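Let me begin by presenting the structure, written as structure tokens, before commenting on it.
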Amino acid sequence: MNVAKHDTFPVTLPIKKIIRETPHVKTFVFAYDLKSRPGQFINIWIPRVDEKPMSIAYDSGKGEFWLTIFAVGDMTKKLHEMKVGDRVGIRGPFGKAFQYEPGDHVITVGGGYGAAPLYNLAMEATSQKCTVDFIVGARSSEHLLYTDRVKKIRNTKLHIATDDGSVGVKGYNTPILEKLIADMKKTAAGKKKLKKTIVFAVGPEVMMKRVSDICFKEKVACQVSVERYMKCGFGVCGNCCLDDTGITVCTEGPAMDHKKARKSVDFGVAHRDAVGRKHAY
Amino acid sequence: MADLSVTFCGVEFRNPLVLASGVLGITASSFHHVIESGAGGVTTKSLWLTEHKGHPNPVMIANEHYMLNAVGVPDAGIEKAKMEMAEYNKRKRAPIIANIIAGRKADYGEIAEEIAKLHPDIIEVNISCPNVEDEFGKPFACSRDDASEVCREVKKRVGRVPVIVKLSPNVTSIVEIAKAVANAGADGFCCINTVGPGLAIDLESREPILANRVGGISGPAIKPLAIRIVHEVSRATKLPIIGTGGVTNGRDALEMMMAGATLVGVGTAVYYRGVEVFGLMTKEMDEWCRVNKVKKMRDLIGSMHS
């Protein structure tokens, strides 16, 4: 049952630290016990500007969390102008988190800025005895995020693809996933028991659909992070409903089994805007 | 199991619970999901003739006592309504109430006529949204003359589709307005729209939390107000009513029926109990009927002793 927390008022928190990641991306650090899990999201509010859902780049579980934000619209540009000590409203965490078992083998596939929430997952999973293959894809080297941090995570192997080949392999990140699955199956052929592997994808929906298609064909478990226009974040406004299932992404997702996402005719195909009109990806 | 079915404005509902306008209700898929979850019927979000943007975020906050919302009635306009109604009708399993809205009194006729062509079971006229006052002024539901003028205009344009009017509690005498609207030809009422508007301030930033500053109040806090109004309007007009306001469990819904409601609107309860609330409440209502030896739930309508 989707029981919302019965208080969805914001808390306004001072920014503790700001880290510049790339010319257009900053990480904002807050000293607050968010009690979130990887895959969940929060609403970030700047009074008199806007409120938007954002993924969580890291939650220490000990009173600190990070948001890594690309300055792309009015609100995110305004946020980039803010300084340490300025207050930002936070609501949440909302939605469902990624699911895995301790000791699983985790393959993350991040497209563009999807790397940040997957870092959060890799940090948590490796603390739960998981091993991680961390695949990231970006347009070029200057758009890559979090690679230096990922390199420092134990039991984690980083794989990079860029469209222009400036770092890692040239092209999409999905061939790396296909190769990892093929290698895994080859290694497993001689063994009786294959370590349970789960693929987690965060990025543009067309990329996640490609990841899901691969996993579906290869019969590998997969979860994706579905993004839809959201107003409330807790299953009431109805803006983020998927066709034909009618489920709200904000409460039944964003993190969901790819088979659940594939039940929707919209997955990788179309999304709705602020007034509910449908647009193709 | 008790017989939960009711007839409202000549339309059969398998149970009295209907999704209230403004919650979920943007897509046909969402309606189907609500019906599968146990609702007896659904109400669309307010439909405009042309696109209406609504307010920036935040639009909604809530705690255990109440919800405050100023979504600002966003909608894509009539073309989207046509598509969603066609989708809904493909797999239709329960009645659909089309809620309509316009910015000027004179514009209600046209949207009503266009929506009537899509054959909804009932048209609900929203003249009582308290969070678009900056744009359109005081809601028409606050004036006897305005409210009845809108009702007459809509009735002229929709043929045989039953018309109900959603009233505002934010008036001196709702009974006077209800009587005027009844005389203008309304077939029933939906009581009540949200209360207020109200205001909530974030202490640390000293800012109003909703982008629209103020918003309509719904949720458990407003239930006694809604119950009282449903009782009064029902006694005064004898017209059927959708009782809406703070209903979150089966007992609340039965109380609304005893006050005089035929159908019970469920909106903010989706926040408290998820979309599963419809199935849960139906079970709770049925259980009460079993314990209290009520065979037909419709016998409870207006059964409060007075």
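Protein chains get the first letters and strands the later ones, always in sequence-line order, with residue 1 at the start of each. Bear in mind the structure is a predicted one, so any value in this text is a computation, not a measurement.
Listed options B/Gly25, B/Ala76, B/Ser30 were ranked by heavy-atom pairs under 4.5 angstrom with chain A; first place goes to B/Ala76. Across B/Val59, B/Ile26, B/Val71, B/Val277, the residue that shares the most heavy-atom pairs under 4.5 angstrom with chain A is B/Ile26. Of the listed residues B/Glu84, B/Glu87, B/His52, B/Lys53, the one with more heavy-atom pairs under 4.5 angstrom with chain A than any other is B/Glu84.
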CA sep, side-chain torsions, deciding dist, call: A/Trp45, B/Asn57, side-chain contact (heavy atoms from CB on, under 4.5 Å)
CA-CA 8 Å; A/Trp45 170 50; B/Asn57 280 343; over 6 Å; no
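Separating the NZ atom in A/Lys278 from the OG1 atom in B/Thr27 is a distance of 8.5 Å, to the nearest 0.5 Å. Atom CD of A/Glu51 is separated from atom CG of B/Leu210 by 9.5 Å, given to the nearest 0.5 angstrom. For the atom pair B/Glu64 CD and A/Asp7 CG, the distance stands at 8.5 Å (nearest 0.5 Å). The distance from atom CG of A/Asp244 to atom NE2 of B/His32, rounded to the nearest 0.5 Å, is 8.0 Å. With rounding to the nearest 0.5 Å, the separation of CD1 in B/Ile209 from CZ in A/Phe9 is 5.5 Å. Taken to the nearest 0.5 Å, the CD1 atom of B/Ile61 stands 7.0 Å off from the OG1 atom of A/Thr8.
For A/Glu124, the CD atom counts as densely surrounded, since its 6.0 Å shell holds more than 12 non-hydrogen atoms of other residues, nucleotides or ligands. For CZ of A/Phe216, the number of neighbouring non-hydrogen atoms (other residues, nucleotides, ligands) closer than 6.0 Å is 12 at most. Atom CG of A/Asp33 has more than 12 heavy atoms from other residues, nucleotides or ligands within 6.0 Å. For NE2 of A/His271, the number of neighbouring non-hydrogen atoms (other residues, nucleotides, ligands) closer than 6.0 Å is greater than 12. The local environment of CZ in B/Arg213 is sparse, with at most 12 non-hydrogen atoms from other residues, nucleotides or ligands closer than 6.0 Å. Residue-environment remark: CD (B/Glu110) stays at or below the threshold of 12 foreign heavy atoms within 6.0 Å. Counting heavy atoms of neighbouring residues, nucleotides and ligands inside a 6.0 Å radius, atom CZ of B/Arg206 does not exceed 12 of them.
The part of B/Lys80 that comes within reach of chain A is its side chain, from C-beta onward, which places non-hydrogen atoms under 4.5 angstrom from that chain. Contact annotation for A/Asn239: both backbone and side-chain heavy atoms come within less than 4.5 Å of a heavy atom of chain B. At a 4.5 Å heavy-atom cutoff, the contact between B/Met67 and chain A is made by side-chain atoms alone. Contact annotation for B/Val23: both backbone and side-chain heavy atoms come within less than 4.5 Å of a heavy atom of chain A. Within the 4.5 angstrom heavy-atom criterion, only side-chain atoms of B/Arg91, from C-beta onward, approach chain A. Contact of B/Glu79 with chain A is not made at all, since no heavy-atom distance falls under 4.5 Å. For chain B, the nearby parts of A/Arg277 are the backbone and the side chain; heavy atoms of each come within less than 4.5 Å. Contacts of B/Ala28 with chain A are absent, with no heavy-atom separation under 4.5 Å from either backbone or side chain. With a 4.5 angstrom heavy-atom cutoff, A/Leu242 touches chain B only via backbone atoms.
Contact annotation: the side chain of B/Asp75 never approaches that of A/Val275 to less than 4.5 Å [non-hydrogen atoms, C-beta and beyond]. Taking 4.5 Å as the limit, every side-chain heavy atom of A/Cys241 sits out of range of all side-chain heavy atoms of B/Ser29. Here the side chains of A/Pro14 and B/Glu204 are not in contact, with every heavy-atom distance at 4.5 Å or above. Residues B/Met60 and A/Val236 are in side-chain contact: their nearest non-hydrogen atoms beyond the backbone lie under 4.5 Å apart.
Shortest non-hydrogen contact noted between B/Pro74 and A/Ala274 is CB-O, 4.1 Å. When all heavy atoms are compared, the tightest approach of A/Cys237 to B/Lys45 is O-NZ, 2.7 Å.
Ion pairing of A/Arg48 with B/Glu207 is present here, as a side-chain N (NZ or NE/NH1/NH2) and a carboxylate O approach within less than 4.0 Å.
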